[in-house]
Number of protein chains: 2
Amino acid sequence: MPITVEKPRKVQIQETAEELFRERGYSATSMRHLAAELGIEPASLYSHIKSKEEILSSICFGMADTFFAAIEPILKANKTNAQKLRAMIVAHTSVVLKNVNASTVFFHDWRHLSEPNFSEFKSLRKAYEHAFKQILAEGVANGEFAVADLSFCVKTLFSAMNMTHEWYKPEDALQHQEVGNKLANLLLNGIITNP
Amino acid sequence: MPITVEKPRKVQIQETAEELFRERGYSATSMRHLAAELGIEPASLYSHIKSKEEILSSICFGMADTFFAAIEPILKANKTNAQKLRAMIVAHTSVVLKNVNASTVFFHDWRHLSEPNFSEFKSLRKAYEHAFKQILAEGVANGEFAVADLSFCVKTLFSAMNMTHEWYKPEDALQHQEVGNKLANLLLNGIITNP
DNA sequence: CCTACCGATCGGTAGG
DNA sequence: CCTACCGATCGGTAGG
(Lines give C-alpha, C1' and ligand atoms only; values in the text may rest on other atoms or scores of the structure.)
Protein backbone atom coordinates (compact mmCIF):
# COMPACT_ATOMS: atom_id res chain seq x y z
CA MET A 1 0.00 0.00 0.00
CA PRO A 2 1.61 3.26 -1.07
CA ILE A 3 1.93 5.90 1.59
CA THR A 4 0.64 9.24 0.35
CA VAL A 5 2.57 12.09 1.89
CA GLU A 6 0.82 15.45 1.62
CA LYS A 7 2.79 18.09 -0.14
CA PRO A 8 3.73 21.13 1.91
CA ARG A 9 1.20 23.94 1.62
CA LYS A 10 3.74 26.21 -0.06
CA VAL A 11 4.18 23.66 -2.84
CA GLN A 12 0.43 23.22 -3.15
CA ILE A 13 0.03 26.97 -3.47
CA GLN A 14 2.74 27.10 -6.12
CA GLU A 15 1.29 24.29 -8.20
CA THR A 16 -2.29 25.47 -7.96
CA ALA A 17 -1.17 28.96 -8.93
CA GLU A 18 0.64 27.57 -11.97
CA GLU A 19 -2.57 25.91 -13.04
CA LEU A 20 -4.76 28.99 -12.56
CA PHE A 21 -2.22 31.40 -14.04
CA ARG A 22 -2.00 29.14 -17.03
CA GLU A 23 -5.74 29.08 -17.56
CA ARG A 24 -6.63 32.73 -16.97
CA GLY A 25 -3.32 34.53 -16.96
CA TYR A 26 -1.52 36.09 -14.00
CA SER A 27 -3.40 39.40 -13.98
CA ALA A 28 -6.83 37.88 -14.29
CA THR A 29 -6.24 35.41 -11.45
CA SER A 30 -7.09 36.69 -7.99
CA MET A 31 -5.71 35.56 -4.68
CA ARG A 32 -9.29 34.88 -3.62
CA HIS A 33 -9.69 32.48 -6.51
CA LEU A 34 -6.43 30.77 -5.64
CA ALA A 35 -7.44 30.44 -2.00
CA ALA A 36 -10.84 29.02 -2.95
CA GLU A 37 -9.17 26.39 -5.10
CA LEU A 38 -7.10 25.33 -2.09
CA GLY A 39 -10.07 25.43 0.26
CA ILE A 40 -8.65 28.09 2.59
CA GLU A 41 -9.32 31.78 3.29
CA PRO A 42 -7.52 34.34 1.11
CA ALA A 43 -5.69 35.84 4.07
CA SER A 44 -4.23 32.46 4.96
CA LEU A 45 -2.15 32.45 1.79
CA TYR A 46 0.04 35.12 3.31
CA SER A 47 1.29 32.81 6.02
CA HIS A 48 3.16 30.96 3.28
CA ILE A 49 3.97 33.58 0.69
CA LYS A 50 4.87 37.23 0.78
CA SER A 51 2.91 38.46 -2.22
CA LYS A 52 1.24 37.48 -5.45
CA GLU A 53 4.30 38.52 -7.38
CA GLU A 54 6.50 36.28 -5.26
CA ILE A 55 4.63 33.32 -6.76
CA LEU A 56 5.15 34.65 -10.27
CA SER A 57 8.84 35.31 -9.83
CA SER A 58 9.38 31.93 -8.25
CA ILE A 59 7.75 30.32 -11.29
CA CYS A 60 9.79 32.38 -13.74
CA PHE A 61 13.17 31.98 -12.10
CA GLY A 62 12.51 28.37 -11.22
CA MET A 63 11.84 27.58 -14.86
CA ALA A 64 14.90 29.55 -15.93
CA ASP A 65 17.04 27.37 -13.65
CA THR A 66 15.48 24.21 -15.06
CA PHE A 67 16.17 25.29 -18.62
CA PHE A 68 19.81 26.09 -17.90
CA ALA A 69 20.30 22.82 -16.04
CA ALA A 70 18.89 20.89 -19.00
CA ILE A 71 21.33 22.18 -21.59
CA GLU A 72 24.43 22.57 -19.43
CA PRO A 73 25.75 18.99 -19.77
CA ILE A 74 25.16 19.08 -23.52
CA LEU A 75 27.33 22.16 -23.97
CA LYS A 76 30.26 20.35 -22.36
CA ALA A 77 29.79 17.09 -24.24
CA ASN A 78 32.10 15.85 -26.92
CA LYS A 79 29.81 16.02 -29.93
CA THR A 80 29.40 17.73 -33.26
CA ASN A 81 27.49 20.98 -33.23
CA ALA A 82 24.64 19.36 -35.11
CA GLN A 83 24.40 16.67 -32.45
CA LYS A 84 24.56 19.28 -29.71
CA LEU A 85 21.89 21.41 -31.29
CA ARG A 86 19.58 18.45 -31.67
CA ALA A 87 20.16 17.40 -28.08
CA MET A 88 19.51 20.96 -26.89
CA ILE A 89 16.26 21.14 -28.84
CA VAL A 90 15.13 17.83 -27.36
CA ALA A 91 16.18 18.85 -23.84
CA HIS A 92 14.55 22.27 -24.00
CA THR A 93 11.33 20.93 -25.47
CA SER A 94 11.18 18.21 -22.83
CA VAL A 95 11.41 20.81 -20.07
CA VAL A 96 8.58 22.76 -21.68
CA LEU A 97 6.33 19.73 -21.96
CA LYS A 98 7.21 18.29 -18.57
CA ASN A 99 6.13 21.60 -17.00
CA VAL A 100 3.27 22.75 -19.22
CA ASN A 101 1.61 24.92 -16.60
CA ALA A 102 4.75 26.61 -15.36
CA SER A 103 6.17 27.11 -18.82
CA THR A 104 2.99 28.71 -20.10
CA VAL A 105 3.20 31.21 -17.25
CA PHE A 106 6.92 31.60 -17.90
CA PHE A 107 6.29 32.54 -21.54
CA HIS A 108 3.21 34.71 -21.08
CA ASP A 109 3.52 36.49 -17.77
CA TRP A 110 7.16 37.35 -17.16
CA ARG A 111 6.16 40.82 -18.42
CA HIS A 112 4.34 41.39 -15.16
CA LEU A 113 7.48 41.05 -13.07
CA SER A 114 8.45 44.36 -11.49
CA GLU A 115 11.97 45.64 -11.25
CA PRO A 116 14.57 44.44 -10.56
CA ASN A 117 13.14 41.01 -11.40
CA PHE A 118 12.06 42.16 -14.82
CA SER A 119 15.55 43.13 -15.95
CA GLU A 120 17.14 40.16 -14.23
CA PHE A 121 14.79 37.85 -16.09
CA LYS A 122 15.54 39.40 -19.44
CA SER A 123 19.26 39.10 -18.99
CA LEU A 124 18.93 35.44 -18.00
CA ARG A 125 16.94 34.80 -21.12
CA LYS A 126 19.51 36.57 -23.23
CA ALA A 127 22.29 34.43 -21.77
CA TYR A 128 20.29 31.30 -22.45
CA GLU A 129 19.61 32.22 -26.05
CA HIS A 130 23.28 33.05 -26.41
CA ALA A 131 24.19 29.45 -25.66
CA PHE A 132 22.16 28.33 -28.67
CA LYS A 133 23.62 31.08 -30.81
CA GLN A 134 27.11 29.98 -29.85
CA ILE A 135 26.50 26.44 -31.05
CA LEU A 136 25.08 27.78 -34.30
CA ALA A 137 28.09 30.05 -34.76
CA GLU A 138 30.55 27.22 -34.15
CA GLY A 139 28.66 25.07 -36.60
CA VAL A 140 28.88 27.78 -39.21
CA ALA A 141 32.62 28.26 -38.67
CA ASN A 142 32.81 24.49 -38.91
CA GLY A 143 30.97 24.11 -42.14
CA GLU A 144 28.30 22.07 -40.41
CA PHE A 145 25.65 24.76 -40.71
CA ALA A 146 24.66 27.21 -43.40
CA VAL A 147 23.00 30.03 -41.49
CA ALA A 148 23.00 33.55 -42.87
CA ASP A 149 21.40 35.34 -39.91
CA LEU A 150 22.25 33.82 -36.55
CA SER A 151 19.88 35.98 -34.48
CA PHE A 152 17.02 35.32 -36.82
CA CYS A 153 17.67 31.59 -36.71
CA VAL A 154 17.82 31.50 -32.90
CA LYS A 155 14.55 33.41 -32.63
CA THR A 156 12.87 30.98 -34.99
CA LEU A 157 14.21 27.98 -33.10
CA PHE A 158 12.78 29.32 -29.88
CA SER A 159 9.49 30.18 -31.49
CA ALA A 160 9.04 26.60 -32.58
CA MET A 161 10.12 25.14 -29.24
CA ASN A 162 8.25 27.57 -27.01
CA MET A 163 4.87 27.18 -28.63
CA THR A 164 4.70 23.40 -28.26
CA HIS A 165 2.96 23.80 -24.90
CA GLU A 166 0.03 25.45 -26.67
CA TRP A 167 -0.95 22.53 -28.84
CA TYR A 168 0.65 19.54 -27.16
CA LYS A 169 -1.90 17.03 -25.93
CA PRO A 170 -0.50 14.20 -23.81
CA GLU A 171 -3.19 11.89 -25.22
CA ASP A 172 -1.55 12.21 -28.63
CA ALA A 173 0.87 9.59 -27.37
CA LEU A 174 3.51 11.80 -28.84
CA GLN A 175 6.16 11.67 -26.17
CA HIS A 176 8.15 14.67 -25.02
CA GLN A 177 11.37 13.53 -26.64
CA GLU A 178 9.53 12.60 -29.79
CA VAL A 179 8.24 16.15 -30.11
CA GLY A 180 11.76 17.50 -29.67
CA ASN A 181 13.16 15.12 -32.24
CA LYS A 182 10.51 15.96 -34.81
CA LEU A 183 11.21 19.61 -34.20
CA ALA A 184 14.90 18.97 -34.71
CA ASN A 185 14.22 17.06 -37.91
CA LEU A 186 12.15 19.86 -39.31
CA LEU A 187 14.50 22.61 -38.25
CA LEU A 188 17.88 20.97 -38.72
CA ASN A 189 17.28 19.84 -42.24
CA GLY A 190 16.93 23.45 -43.11
CA ILE A 191 20.13 24.28 -41.31
CA ILE A 192 22.67 21.59 -42.05
CA THR A 193 24.76 22.21 -45.14
CA ASN A 194 24.77 18.70 -46.59
CA PRO A 195 22.13 16.33 -45.27
CA MET B 1 0.72 71.75 -46.81
CA PRO B 2 -0.87 68.43 -45.89
CA ILE B 3 -4.29 68.59 -44.34
CA THR B 4 -4.38 66.49 -41.19
CA VAL B 5 -7.80 65.00 -40.67
CA GLU B 6 -8.40 63.84 -37.13
CA LYS B 7 -9.32 60.22 -36.83
CA PRO B 8 -12.75 59.43 -35.43
CA ARG B 9 -12.75 58.93 -31.67
CA LYS B 10 -13.77 55.32 -32.02
CA VAL B 11 -10.68 54.63 -34.12
CA GLN B 12 -8.49 56.49 -31.64
CA ILE B 13 -9.91 54.40 -28.83
CA GLN B 14 -9.28 51.22 -30.80
CA GLU B 15 -5.69 52.08 -31.65
CA THR B 16 -4.78 53.33 -28.21
CA ALA B 17 -6.29 50.21 -26.71
CA GLU B 18 -4.21 48.04 -29.02
CA GLU B 19 -1.10 49.81 -27.79
CA LEU B 20 -1.97 49.49 -24.09
CA PHE B 21 -3.23 45.92 -24.37
CA ARG B 22 -0.01 45.04 -26.11
CA GLU B 23 2.14 46.56 -23.38
CA ARG B 24 0.32 45.38 -20.26
CA GLY B 25 -2.10 42.77 -21.51
CA TYR B 26 -5.88 43.01 -21.72
CA SER B 27 -6.65 42.11 -18.10
CA ALA B 28 -4.08 44.44 -16.60
CA THR B 29 -5.23 47.42 -18.65
CA SER B 30 -8.03 49.46 -17.09
CA MET B 31 -10.57 51.65 -18.82
CA ARG B 32 -9.34 54.50 -16.61
CA HIS B 33 -5.84 54.06 -17.98
CA LEU B 34 -7.17 53.98 -21.53
CA ALA B 35 -9.23 57.13 -20.95
CA ALA B 36 -6.26 58.94 -19.41
CA GLU B 37 -4.15 58.12 -22.44
CA LEU B 38 -6.83 59.71 -24.64
CA GLY B 39 -7.25 62.71 -22.34
CA ILE B 40 -10.91 62.10 -21.55
CA GLU B 41 -12.92 60.87 -18.58
CA PRO B 42 -13.40 57.09 -18.19
CA ALA B 43 -17.18 57.36 -18.48
CA SER B 44 -16.85 59.12 -21.83
CA LEU B 45 -15.47 55.98 -23.44
CA TYR B 46 -18.91 54.44 -23.22
CA SER B 47 -20.35 56.94 -25.67
CA HIS B 48 -18.30 55.19 -28.33
CA ILE B 49 -18.04 51.61 -27.22
CA LYS B 50 -20.31 49.19 -25.41
CA SER B 51 -17.80 47.45 -23.21
CA LYS B 52 -14.14 46.63 -22.70
CA GLU B 53 -14.64 43.26 -24.29
CA GLU B 54 -16.12 44.86 -27.38
CA ILE B 55 -12.70 46.41 -28.02
CA LEU B 56 -11.00 43.05 -27.57
CA SER B 57 -13.36 41.18 -29.83
CA SER B 58 -13.13 43.85 -32.49
CA ILE B 59 -9.33 43.49 -32.41
CA CYS B 60 -9.48 39.70 -32.57
CA PHE B 61 -12.07 39.37 -35.32
CA GLY B 62 -10.63 42.28 -37.26
CA MET B 63 -7.26 40.58 -37.35
CA ALA B 64 -8.85 37.28 -38.29
CA ASP B 65 -10.45 38.97 -41.30
CA THR B 66 -7.15 40.52 -42.30
CA PHE B 67 -5.37 37.19 -42.13
CA PHE B 68 -7.98 35.46 -44.27
CA ALA B 69 -7.98 38.26 -46.81
CA ALA B 70 -4.19 38.03 -47.13
CA ILE B 71 -4.05 34.37 -48.09
CA GLU B 72 -7.27 34.09 -50.07
CA PRO B 73 -5.90 35.19 -53.47
CA ILE B 74 -2.89 32.90 -53.04
CA LEU B 75 -5.08 29.84 -52.57
CA LYS B 76 -6.75 30.49 -55.92
CA ALA B 77 -3.55 31.25 -57.80
CA ASN B 78 -2.06 28.95 -60.40
CA LYS B 79 1.14 27.97 -58.66
CA THR B 80 2.96 24.97 -57.25
CA ASN B 81 2.25 24.15 -53.64
CA ALA B 82 5.76 25.18 -52.68
CA GLN B 83 5.20 28.58 -54.27
CA LYS B 84 1.84 28.90 -52.58
CA LEU B 85 3.20 27.96 -49.19
CA ARG B 86 6.02 30.47 -49.51
CA ALA B 87 3.60 33.20 -50.57
CA MET B 88 1.29 32.37 -47.67
CA ILE B 89 4.14 32.53 -45.19
CA VAL B 90 5.20 35.92 -46.56
CA ALA B 91 1.62 37.22 -46.59
CA HIS B 92 0.82 36.02 -43.08
CA THR B 93 4.05 37.35 -41.63
CA SER B 94 3.50 40.70 -43.31
CA VAL B 95 0.10 41.02 -41.69
CA VAL B 96 1.64 40.24 -38.30
CA LEU B 97 4.38 42.82 -38.68
CA LYS B 98 2.18 45.49 -40.24
CA ASN B 99 -0.09 45.25 -37.18
CA VAL B 100 2.29 44.51 -34.35
CA ASN B 101 0.07 45.90 -31.60
CA ALA B 102 -3.12 44.27 -32.78
CA SER B 103 -1.46 40.97 -33.55
CA THR B 104 0.17 40.77 -30.13
CA VAL B 105 -3.27 41.22 -28.56
CA PHE B 106 -4.70 38.73 -31.04
CA PHE B 107 -2.17 36.07 -30.02
CA HIS B 108 -2.16 36.68 -26.27
CA ASP B 109 -5.62 37.78 -25.26
CA TRP B 110 -8.16 35.92 -27.34
CA ARG B 111 -8.47 33.63 -24.31
CA HIS B 112 -10.32 36.41 -22.51
CA LEU B 113 -13.15 36.47 -25.02
CA SER B 114 -16.40 35.22 -23.51
CA GLU B 115 -18.87 32.97 -25.23
CA PRO B 116 -19.96 32.81 -27.95
CA ASN B 117 -17.00 34.86 -29.20
CA PHE B 118 -14.54 32.45 -27.68
CA SER B 119 -15.79 29.44 -29.62
CA GLU B 120 -16.34 31.46 -32.77
CA PHE B 121 -12.73 32.64 -32.63
CA LYS B 122 -11.37 29.15 -32.19
CA SER B 123 -13.29 27.79 -35.13
CA LEU B 124 -12.07 30.65 -37.34
CA ARG B 125 -8.52 29.86 -36.35
CA LYS B 126 -9.04 26.21 -37.09
CA ALA B 127 -10.36 27.01 -40.55
CA TYR B 128 -7.40 29.28 -41.20
CA GLU B 129 -4.88 26.66 -40.14
CA HIS B 130 -6.72 24.16 -42.29
CA ALA B 131 -5.93 26.21 -45.38
CA PHE B 132 -2.23 25.79 -44.68
CA LYS B 133 -2.67 22.11 -43.93
CA GLN B 134 -4.47 21.66 -47.24
CA ILE B 135 -1.56 23.11 -49.20
CA LEU B 136 0.84 20.87 -47.31
CA ALA B 137 -1.32 17.81 -48.00
CA GLU B 138 -1.54 18.58 -51.71
CA GLY B 139 2.20 19.06 -51.81
CA VAL B 140 2.72 15.69 -50.18
CA ALA B 141 0.36 13.94 -52.61
CA ASN B 142 2.25 15.77 -55.29
CA GLY B 143 5.69 14.69 -54.28
CA GLU B 144 6.66 18.31 -53.63
CA PHE B 145 6.80 17.91 -49.88
CA ALA B 146 8.05 15.24 -47.53
CA VAL B 147 6.03 15.76 -44.40
CA ALA B 148 5.29 12.90 -42.04
CA ASP B 149 3.01 14.71 -39.59
CA LEU B 150 0.86 17.39 -41.18
CA SER B 151 -0.63 18.76 -37.95
CA PHE B 152 2.76 18.96 -36.32
CA CYS B 153 4.19 20.77 -39.33
CA VAL B 154 1.37 23.33 -39.43
CA LYS B 155 1.74 24.06 -35.72
CA THR B 156 5.44 24.63 -36.14
CA LEU B 157 4.91 26.90 -39.13
CA PHE B 158 2.53 29.06 -37.12
CA SER B 159 4.83 29.09 -34.14
CA ALA B 160 7.60 30.55 -36.25
CA MET B 161 5.35 33.09 -37.96
CA ASN B 162 3.38 34.15 -34.91
CA MET B 163 6.33 34.93 -32.71
CA THR B 164 7.98 37.35 -35.11
CA HIS B 165 6.11 40.24 -33.50
CA GLU B 166 7.97 39.58 -30.27
CA TRP B 167 11.46 40.20 -31.55
CA TYR B 168 10.95 42.22 -34.72
CA LYS B 169 12.45 45.70 -34.50
CA PRO B 170 11.58 48.01 -37.40
CA GLU B 171 15.00 49.64 -37.00
CA ASP B 172 16.59 46.38 -38.08
CA ALA B 173 15.83 47.50 -41.59
CA LEU B 174 14.62 43.98 -42.07
CA GLN B 175 11.49 44.54 -44.09
CA HIS B 176 8.27 42.67 -43.50
CA GLN B 177 8.51 40.63 -46.68
CA GLU B 178 12.16 39.92 -46.00
CA VAL B 179 11.26 38.38 -42.66
CA GLY B 180 8.65 36.21 -44.35
CA ASN B 181 11.04 35.09 -47.01
CA LYS B 182 13.77 34.21 -44.54
CA LEU B 183 11.20 32.25 -42.60
CA ALA B 184 10.18 30.44 -45.76
CA ASN B 185 13.81 29.68 -46.59
CA LEU B 186 14.44 28.20 -43.19
CA LEU B 187 11.22 26.24 -43.06
CA LEU B 188 10.79 25.17 -46.67
CA ASN B 189 14.23 23.71 -47.04
CA GLY B 190 13.23 21.29 -44.35
CA ILE B 191 10.01 20.53 -46.15
CA ILE B 192 10.70 20.26 -49.86
CA THR B 193 11.75 16.81 -51.04
CA ASN B 194 14.45 17.84 -53.48
CA PRO B 195 15.78 21.38 -53.13
C1' DC C 1 -5.18 29.20 9.43
C1' DC C 2 -9.30 32.41 10.61
C1' DT C 3 -12.15 36.80 11.40
C1' DA C 4 -12.43 41.32 10.38
C1' DC C 5 -11.19 44.83 7.73
C1' DC C 6 -8.18 48.49 4.96
C1' DG C 7 -7.85 51.82 1.01
C1' DA C 8 -7.62 51.43 -3.87
C1' DT C 9 -9.41 50.28 -8.03
C1' DC C 10 -12.38 47.87 -11.18
C1' DG C 11 -16.13 48.04 -15.34
C1' DG C 12 -20.00 50.38 -16.04
C1' DT C 13 -24.57 53.48 -15.53
C1' DA C 14 -27.68 57.68 -14.82
C1' DG C 15 -28.50 61.90 -16.17
C1' DG C 16 -27.36 65.93 -18.18
C1' DC D 1 -18.08 64.40 -23.26
C1' DC D 2 -18.63 65.44 -18.05
C1' DT D 3 -20.03 64.93 -12.96
C1' DA D 4 -21.37 61.88 -9.75
C1' DC D 5 -21.72 57.55 -8.35
C1' DC D 6 -22.85 52.19 -8.16
C1' DG D 7 -21.71 47.50 -6.23
C1' DA D 8 -18.02 44.34 -6.75
C1' DT D 9 -13.58 43.05 -6.26
C1' DC D 10 -8.67 43.73 -5.73
C1' DG D 11 -3.95 42.65 -2.89
C1' DG D 12 -2.79 42.77 1.50
C1' DT D 13 -2.55 43.63 6.96
C1' DA D 14 -3.68 43.30 12.11
C1' DG D 15 -4.38 40.46 15.56
C1' DG D 16 -5.40 36.32 17.37
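Sequence lines set the chain letters: A, B, ... in the order given, protein chains first and strands last, and positions in each chain run from 1.
In the displayed structure, A:Glu53 atom CD is contacted under 6.0 Å by more than 12 heavy atoms of other residues, nucleotides or ligands. In this structure, B:Gln177 places its CD atom where only 12 or fewer heavy-atom neighbours from other residues, nucleotides or ligands lie under 6.0 Å away. Annotation for B:Arg24: atom CZ does not count as buried by contact number, only 12 or fewer foreign heavy atoms lying within 6.0 Å.
Within the 4.0 angstrom heavy-atom criterion, no nucleotide atom of any strand lies near B:Ser27. Contacts of A:Arg9 with the nucleic acid, taken as non-hydrogen atoms under 4.0 Å apart, involve only primed sugar atoms and P, OP1 or OP2.
Each side-chain hydrogen bond (donor to acceptor under 3.5 Å, both in side chains) pair with one or both residues in residues 88-100 of chain B, not counting sequence neighbours, appears once here: B:His92-B:Tyr128, B:His92-B:Asn162.
Two rings, from A:Tyr26 and A:His108, have their centers 6.0 Å or more apart.
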_Before you tell me yes or no, could you show the steps for A:Gln12 and A:His48 under side chain to side chain contact (heavy atoms under 4.5 Å, CB included), namely the whole-Å CA-CA distance, both residues' side-chain angles and the distance that decides it to 0.1 Å?_
CA-CA 10 Å; A:Gln12 290 182 30; A:His48 303 96; over 6 Å; no

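With a heavy-atom cut-off of 4.0 Å to chain A, the contacted part of DNA chain C has its first and last nucleotide at C:dC1 to C:dA4.
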Distance-only donor-acceptor hits, side chain of residues 62-77 of chain A, under 3.5 Å, sequence neighbours excluded:
residue	atom	partner	partner atom	Å
A:Thr66	OG1	A:Gly62	O	2.9

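Listed for the A:Ser103 side chain is no donor-acceptor partner under 3.5 Å among the backbone atoms of A:Phe106.
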*Both distances under 3.5 Å, Watson-Crick or G-U wobble: on that basis, could you give the dot-bracket string for DNA chain D, with [ ] for crossing pairs and | for other-strand partners?*
||||||||||||||||

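Across every non-hydrogen atom of B:Ala82 and B:Leu188, the tightest pair is O-CD1, 4.1 Å.
Within residues 35-54 of chain A, the residues having any heavy atom closer than 4.0 Å to DNA chain C are, in order of number, A:Ile40, A:Glu41, A:Ala43, A:Ser44, A:Ser47, A:His48.
Partners of B:Glu129 by salt bridge (Lys or Arg N to Asp or Glu O under 4.0 Å), not counting sequence neighbours, listed by chain and number: B:Lys155.
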